[in-house]
Structures are given as C-alpha cells and as structure tokens.
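Worksheet: the structure to be examined is printed underneath.
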There are 2 protein chains.
Amino acid sequence: MARTAGSHSDITGPRIQQAAQRLFARHGYAAVSMRQIAGEVGVQAGALYNYTRDKQSLLFGLMQDHMQELLATWGARPQGNGPVAALEAFTRFHIRFHLERPEEVFIAYMELRNLTPENHAAISALRGRYEDGLEAILKRGVAGGVFDVADTKIATLAVIAMLNGVNTWYRAGGRLSLDEVETVYWDMVRKAVAPAAISTA
Amino acid sequence: MARTAGSHSDITGPRIQQAAQRLFARHGYAAVSMRQIAGEVGVQAGALYNYTRDKQSLLFGLMQDHMQELLATWGARPQGNGPVAALEAFTRFHIRFHLERPEEVFIAYMELRNLTPENHAAISALRGRYEDGLEAILKRGVAGGVFDVADTKIATLAVIAMLNGVNTWYRAGGRLSLDEVETVYWDMVRKAVAPAAISTA
DNA sequence: ACGCTATCTGAACAGATGTTCAGAAAAAAC
DNA sequence: GTTTTTTCTGAACATCTGTTCAGATAGCGT
C-alpha cells in the first residue's frame, strides 16, 4: 500500500494539528506518542513527518500560533478611552479569548518546560509582550490616579493569574453565562487595582 | 553485587521521594523515568520498588503528602478574629506556605492529569476541603457586610488563582522580601472582595 | 492515456520504558 | 560467630519511543 484514497495535505495537515492539540491538552506532551496522534488522524506515524519536522516542532507550532493569534486579536481591538475602560476591555477580552480555546491555553501554560531553550525563549517573549500590554494600562492608570497598586509588574501578573483561573472551572452551559462571568471578574479586578477609598461603582 | 555498604531504608526512602519530587517538578511526571530517579539516588531502578508499589504511587504519595500537610498546617493556625482578619491570615499563610515549597506546589497543580481516576478524586477532595476553608471565610464576610462578591465560589477560586501566581515569578533574594510580597497581595485581595465604596485601608 | 508529483505505508532502527525476580551481600539479631 | 533479615544488583521481560526511508499508489496536469 502507499498513498491512500482521498488523501490531501490540506486536510491531513490541519487534522494532525487538531489531534496533537487535543491529545497534548488531555494527556500532556510527554505522555503522547506520535503513533497516538497518527492513530487519531487515521494515518501511520511516518506520515506525520510530511507535516512536521519533529515532535518538538509540532508542540512549538501550536504554542506559537496561539500566542500570535492572542497578540493579533488583542492588537486589533478597540482600546477603550482611558485606563479604566482599557482595563475593562482587557479583562473581558482575556476571559472570552481564553474560554473560547481552553486546549490552546492549557498547552501554552503547561508545556513550556517541554520546549527547547530557543523555543522557550520565543514563546516567553510573546507572552511578555502580552503582559506588557496590560502593565501599560495599569501604569497609565496609576499615573492618572485612577488605579493604586504597589507594583505594576506584580499587579499585572496577579490579574492575569486570577483571570486564567476561570479556565479551571468554567464549563459552557453552566450556572453563569459568559457575560456574567466577565462581569464578576471585572468587578474583582476593578476593585483590586482601585485606589483605597474611591471606587468607580 | 547485592546489598551495598551503608544502605539503609531510613536513608534511601526519603532520598527517593526527594529525587522524584525534584525531577517531576523539573521535567514532568511523564518525562521522568524510574531509571533517572534511581540514578539521582545512586541506586539501580529495581531498588525503587522496595519503597513504592509503582511509579503512579510515587506521584500520588508526593501529592497526598503535600495536600495533607497543607490542610494540617492551615488547620493548626490561629484563625483570626472576624472575616477580614481571617482572610488576611489566609492570604499570608497561603503565600508563605506555597513559596516555601515550590516543587510540591508545581507538582500538585501540573500533574493532576497523570493520576489514575481514583487518585485524582482523592487529591481533588483534599483540594476541595482547602478551598472550602477560604469560601467559609468569604461567606461569613459577605453575611457580615464586610465583603461584597457576586459569587463566593468564584471569588474563592479567583483569590486562590491570583495567590498561586506568585509562584511563577517569586525568587528568594529578589527585589521584594517575603513580607512585602504578602502585603502587596493582601492589599489586592482585600480590595477585590471589599464592598464597593468602603475600604478598610 | 501517460507521466509526474504528492501522499502515505510498512518495516526497520537503536534505544528507552516500567516492572519483576533470583540471588548476593551487608546489617542486625541472637 | 552464626543465623536471619534487610537492602540492593543485574539481568531479563515485553513493549513502546521518535524518526527514517524505499517503495507503492492516488491524484493531477498535460
């Protein structure tokens, strides 16, 4: 046997990425074999190497695509007038974007240690750019007196960590709608960075 | 060759756990082999099985020990008078406890998916008890009017997620002391759950 | 209808995986 | 000093790992 009926790189390529994403998210990069991925696609393991240089590139590709889409989508957003509106826009965007792609997010956070040093640096740089975007908002707010945080870098990481937590429990069709979840978190973020006695409620 | 000079189960047992902890935290459960762990201890792979039933039990033991110590240490703490003091005590305790054992924490959060279903349920139950402790504080505060959150369950998870974030960036000997870090986070937590216009600052 | 290229198979490679176990030697008990 | 027990080795087990590649077939351009 050889080339199979209906085989097409436009089909197989994306299917390999999807299968890898599903399996990496579910079981972890190290626990997933190339044969498992191939099996999910309905192909032999050797065929994967028409689409990826090796297993590491498969992981890196997924993570890079995710981070670049995150940055591009965020960059194309209306930024909001003033730091408070910008922070609200960020909060709602972040929650929605991340809840829409739980697998990508999970991989992006859990599989960093399985990247080669160069790949790790590349992904970290992208993540840093995203974090800098939030920190810039906080800095403007602090300068303008509408926010009050002891350290904008720590506050940035604290806010992102808090927002990322939503991915651990939210399930579509649950008690709260996506919109309600956004509002609940925005309420906490807003207050957390607000000046001590002035609340914008 | 056979039993080696100076061999002692009181020594080897803990050394295996330490080695497993170090390696699991660094490279992930699935990426670490029994031979690597044995090598770290200076022993052949077969010797590990005098101390653990299998690799899975080694992981589960580490996670269970960690969670039980977390609960025991927290349970033995002064609880603080009133919800605000209790929340501050929780915040400071959580940060300190977690920063003191980054490897255990990392494993407890990253390796859940590598547990068998029964083991996963056991660890999740322990984690649930810890979260319930925080939620009880929040509920008392909401009832007493000193906290205002839309949903105590979500607020619980949000607070814990935010606090856990500290483990991703804090390094001993950095810019801020442990005490300062605690205060910075407590400041944000306090405000995040505070009623809209009343701040305890 | 024919040739070219894209796509996949199936076997092979060298080595790693978790786990078991008979046997040997060190330590402890007597 | 002898026996018993504890602790470890080293080999073996069957299976899995990522990756390569010659060869075979399907689809496409002509």
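Throughout, a chain's letter reflects where its sequence line sits, starting with A, and its residues are numbered from 1.
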Problem - Proximity to DNA chain D (any heavy atom under 4.0 Å), residues of residues 46-63 of chain A only - result: A:Gly46, A:Tyr49, A:Asp54, A:Lys55
Handout entry: Euclidean distance, atom CD of residue B:Gln44 to atom P of C:dC21 [Å, nearest integer]
Key =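 One finds 18 Å between P of C:dC21 and CD of B:Gln44, rounded.
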Practice task
Using atom CD1 of B:Ile11 as one end and atom P of C:dA28 as the other, report the distance to the nearest whole Å.
Solution key: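 Rounded to whole Å, this separation is 11 Å.
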Handout entry: Residue pairs fulfilling side-chain hydrogen bond (donor to acceptor under 3.5 Å, both in side chains) with at least one residue in residues 110-127 of chain B, sequence neighbours excluded
Key =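 Pairs touching residues 110-127 of chain B that pass the test: A:Glu111-B:Arg113, A:Arg113-B:Glu111, B:Gln56-B:Asn119, B:Glu111-B:Asn114, B:Thr116-B:Glu118, B:Thr116-B:Asn119.
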Completion exercise
Residue pairs passing the side-chain hydrogen bond (donor to acceptor under 3.5 Å, both in side chains) test with at least one member in residues 36-47 of chain A, sequence neighbours excluded, are A:Arg22-A:Glu40
Exercise for the section: State, yes or no, whether a side-chain contact exists between A:Thr12 and A:Arg15 at a heavy-atom distance under 4.5 Å. Expected result: no
Exercise for the section: Flag the pair A:Arg92 and A:Glu88 as a salt bridge only when some basic side-chain nitrogen lies within less than 4.0 angstrom of an acidic carboxylate oxygen. Expected result: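 A:Glu88 and A:Arg92: salt-bridged.
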Solution key, residues 145-159 of chain B side-chain donor-acceptor pairs under 3.5 Å, sequence neighbours excluded:
from	atom 1	to	atom 2	distance (Å)
B:Asp151	OD1	A:Arg175	NH2	3.3
B:Asp151	OD1	B:Lys153	N	2.9
B:Asp151	OD1	B:Ile154	N	3.0
B:Asp151	OD2	A:Arg175	NH2	2.0
B:Thr152	OG1	B:Glu135	OE2	2.9
B:Thr156	OG1	B:Thr152	O	2.7

Practice task
Please list residues of residues 21-40 of chain A whose heavy atoms come under 4.0 Å from any atom in DNA chain C, ordered by number; otherwise none.
Solution key: A:Arg35
Exercise for the section: Answer with yes or no whether the side chains of A:Tyr109 and A:His98 bring together a donor and an acceptor at under 3.5 Å. Expected result: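 No pair is found: no donor N or O on one side chain lies under 3.5 Å from an acceptor on the other.
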Problem - Residue-phosphate contact under 4.0 Å: B:Thr12 side-chain N/O, D:dC8 OP1/OP2 - result: yes
Problem - Comparing B:Thr4 and A:Gly42 on DNA chain C - which has the more 5′ nearest nucleotide - result: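 Final value for this comparison: A:Gly42.
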Handout entry: A:Arg96 atom CZ: more than 12 heavy-atom contacts under 6.0 Å
Key = yes
List the atom pairs, donor and acceptor, that lie under 3.5 Å between side-chain atoms in residues 65-75 of chain B and the rest of the protein, sequence neighbours left out.
from	atom 1	to	atom 2	distance (Å)
B:Glu69	OE2	B:Arg101	NH2	3.0
B:Thr73	OG1	B:Glu69	O	2.6

